[in-house]
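Numbered from 1 within each chain, the chains take letters A, B, ... in sequence-line order. Just so you know, these numbers use all the heavy atoms, side chains as well, and skip hydrogens, waters and symmetry mates.
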Amino acid sequence: MAIGDYVSRIEEACGQEKDFIVLFKYDKKDEAITKMLKKAKLEKSVSGIIFELTFKDVSFRLYRTGKAIFRGLKEKSQLENLLTDLLS
Amino acid sequence: MMIDPYKIREDFPILKRKVNDCPLIYFDNAATTQKPRQVISVIKDFYETHNANVHRAVHTLSQEASELYENAHKEVAKFINADGMEEIVFVRGTTEAINLVAYSWGCHNLKKSDEVIVTLMEHHSNIVPWELLSRVNGFALKYVEVKDDGTLNYEDFENKISRKTKIVCVSQVSNFSGVVNDVQKLAKVAHENEALILVDGAQSVPHLPVDVKRLDVDFLAFSGHKMLGPTGIGTLYGKREILEKMEPFQGGGEMIREVSFDRATRRCMITWNDLPWKFEAGTPDVSGGIGLMEAVKYLKQIGMQNVRAHECALTEYAIKRMQEIEKVTIYGPKEASLKCGIIPFSVAGFSSHDVALFLDNYGIMVRSGYHCAQPLHEAFGLASSARASFYIYNVREEIDRFAEVLKEIGQI
């Protein structure tokens with residue numbers, strides 16, 4: 001599995017908060033969401049459309065629309081490793 | 001007369017689509033605006049019936065394309081009350097317009113002992129070209145401060161300007177806060193000090209009546225895509241006598257009248273073309289220019305005073321609704337008459353990107369981040385912000401829905 005199978009684009013958000021925004025491929029988003037919900041710890045769910053998750057001490061927010069925002073990461077490679085684990 | 005935004009909405013095909021199963025609410029107009037079918041049609045029609053290179057051939061299609069492209073310059077000139085198409089240079093957008101002035105005028109007129117004034121309110125595109133050039137020419141850059149309420153500190157401007165100042169570079173409307181600067185006043189002070197004034201009109205020309213003669217500005221830069229036109233086309237207005245003295249920006253076809261090889265010196269003798277073509281090297285964006293002309297006609301038909309009034313009313317209503325939500329903070333002035341339809345805000349406990357993604361979930365498009373205005377965010381002590389910005393096709397019901405979703409975020 002390559003993250004490119006699921007991920008359409010990764011954007012490093014501007015601003016001092018070094019957030020990474022991950023946009024999943026439209027036709028694979030549901031599969032990606034299911035995998036991530038299985039692997040990560042669910043902290044909170046808002047109306048089944050937004051999920052607060054943690055995985056390997058990294059917190060992220062996943063949206064039903066197929067977007068996720070990862071916080072507190074220093075490098076894009078760190079995110080790519082996390083996504084590889086989450087989506088495998 | 002107020003405009004009828006419901007009727008206007010009928011002209012915008014994109015507003016009929018859904019995003020994430022919700023009706024699209026487009027509040028990212030400061031980044032780019034949507035296009036009416038009139039603009040889309042005229043571009044399609046150009047490629048289907050008139051397409052040819054301009055100013056290059058005597059055949060019928062080239063003549064038609066040239067006439068349309070020249071008319072586009074004339075229409076834009078009338079829109080901002082310039083003296084004619086000679087003062088209207090088509091460029092890719094505001095950024096390229098400012099870079100044109102920095103390199104064509106700045107390179108040749110700024111020296112080490114000179115000063116250039118910019119403000120902390122500027123978009124990066126009105127900061128970076130001057131920073132880059134100052135590293136080459138060695139002139140000093142002076143930044144005018146912004147007050148705590150987000151308005152420009154005019155006292156600081158008057159303290160910083162002097163006979164050393166050669167150009168003042170300022171936005172008419174802040175792309176972060178929507179604050180409207182008194183450009184007429186700034187131009188008067190600049191001219192009293194024998195300095196030129198360049199105005200970034202990216203957020204003003206689409207939203208306010210702008211008259212270059214009344215304002216007495218030397219340069220005005222703006223983008224087509226922020227005023228219903230296509231991307232990739234924008235305008236640099238310059239006073240004719242200044243443009244005439246300036247060196248060209250880029251070299252190539254179109255911008256020259258003659259390139260003659262002198263066998264004695266083994267060099268080419270070059271004569272520049274007339275204005276505005278001297279600054280439009282290469283094949284221009286003809287369809288973009290024609291699209292911009294149609295956008296200008298559309299706005300003129302509505303009337304820029306009406307555009308302004310509609311946006312003021314929407315902004316006032318949006319601020320009122322947003323202030324009802326406990327966790328929402330609005331930055332900059334809260335008085336709609338001091339600003340254009342731009343509202344920067346945050347929701348306590350959420351990053352701006354979280355807010356934008358949450359709203360996106362409900363089909364509401366807002367911008368998040370620095371909006372290319374990092375110095376102003378720093379002045380406000382902000383890591384980033386969310387920004388809602390309105391235009392002629394936005395309606396109160398959309399603001400109501402926006403406020404409902406913001407309230408929902410606040411309850412998480």
Side-chain angles (χ1 to χ4, degrees), chain A residues 6-34 36-37 40-55 58-74 76 78-79 82-83 86, chain B residues 17-22 24-25 31 123-125 128 175-176 327 331 344-387 404-412:
Chain A
Y6 292 97
V7 175
S8 144
R9 224 168 63 244
I10 295 175
E11 287 191 3
E12 191 174 348
C14 66
Q16 283 167 9
E17 304 136 341
K18 286 286 173 202
D19 296 341
F20 285 95
I21 297 164
V22 181
L23 299 110
F24 296 97
K25 288 182 176 172
Y26 188 79
D27 55 344
K28 300 284 271 182
K29 72 180 168 65
D30 292 335
E31 197 181 323
I33 290 169
T34 306
M36 286 186 280
L37 287 175
K41 185 184 170 203
L42 180 67
E43 305 287 350
K44 194 175 177 181
S45 164
V46 181
S47 317
I49 51 169
I50 300 160
F51 307 98
E52 290 273 3
L53 302 161
T54 50
F55 184 67
V58 174
S59 66
F60 65 104
R61 191 170 280 158
L62 178 63
Y63 290 78
R64 264 283 174 223
T65 51
K67 290 159 193 164
I69 181 162
F70 288 77
R71 303 181 207 92
L73 297 175
K74 287 191 173 66
K76 194 175 173 182
Q78 201 185 344
L79 171 70
L82 274 177
L83 286 170
L86 277 166
Chain B
R17 74 162 281 187
K18 289 191 168 189
V19 174
N20 297 323
D21 294 326
C22 299
L24 168 66
I25 296 179
H123 187 284
H124 296 164
S125 62
V128 180
N175 78 310
F176 164 70
K327 286 188 182 173
Y331 303 102
F345 67 98
S346 65
V347 182
F350 291 86
S351 77
S352 64
H353 308 300
D354 267 317
V355 172
L357 283 176
F358 195 97
L359 289 163
D360 173 73
N361 199 69
Y362 292 92
I364 303 168
M365 314 288 118
V366 299
R367 179 79 184 268
S368 56
Y370 278 142
H371 328 307
C372 300
Q374 191 173 344
L376 192 53
H377 275 81
E378 288 165 354
F380 273 94
L382 292 172
S384 69
S385 67
R387 180 185 72 183
E404 274 171 30
V405 178
L406 276 185
K407 202 172 172 184
E408 212 176 300
I409 304 175
Q411 286 165 353
I412 294 173

*Asks:* Quick check for you: among R64(A), K44(A), E52(A), which has the greatest number of heavy-atom pairs under 4.5 Å with chain B?
*Replies:* K44(A)
*Asks:* Out of curiosity, S368(B) OG to I21(A) CD1, how far, rounded to the nearest 0.5 Å?
*Replies:* 5.5 Å
*Asks:* Just give me the residue among N361(B), I412(B), D354(B) that pairs up with chain A most often, heavy atom to heavy atom, under 4.5 Å.
*Replies:* D354(B)
*Asks:* Tell me whether the count of non-hydrogen atoms from other residues, nucleotides or ligands lying under 6.0 Å of NZ in K25(A) goes above 12.
*Replies:* yes
*Asks:* Any side-chain heavy-atom pair from Y362(B) and I49(A) closer than 4.5 angstrom?
*Replies:* yes
*Asks:* Of the options D360(B), L357(B), D21(B), V19(B), which is the one that meets T65(A) in a side chain to side chain contact (heavy atoms under 4.5 Å, CB included)?
*Replies:* D360(B)
*Asks:* Can you tell which part of N20(B) gets under 4.5 Å to a heavy atom of chain A, answering side chain, backbone, both or neither?
*Replies:* side chain
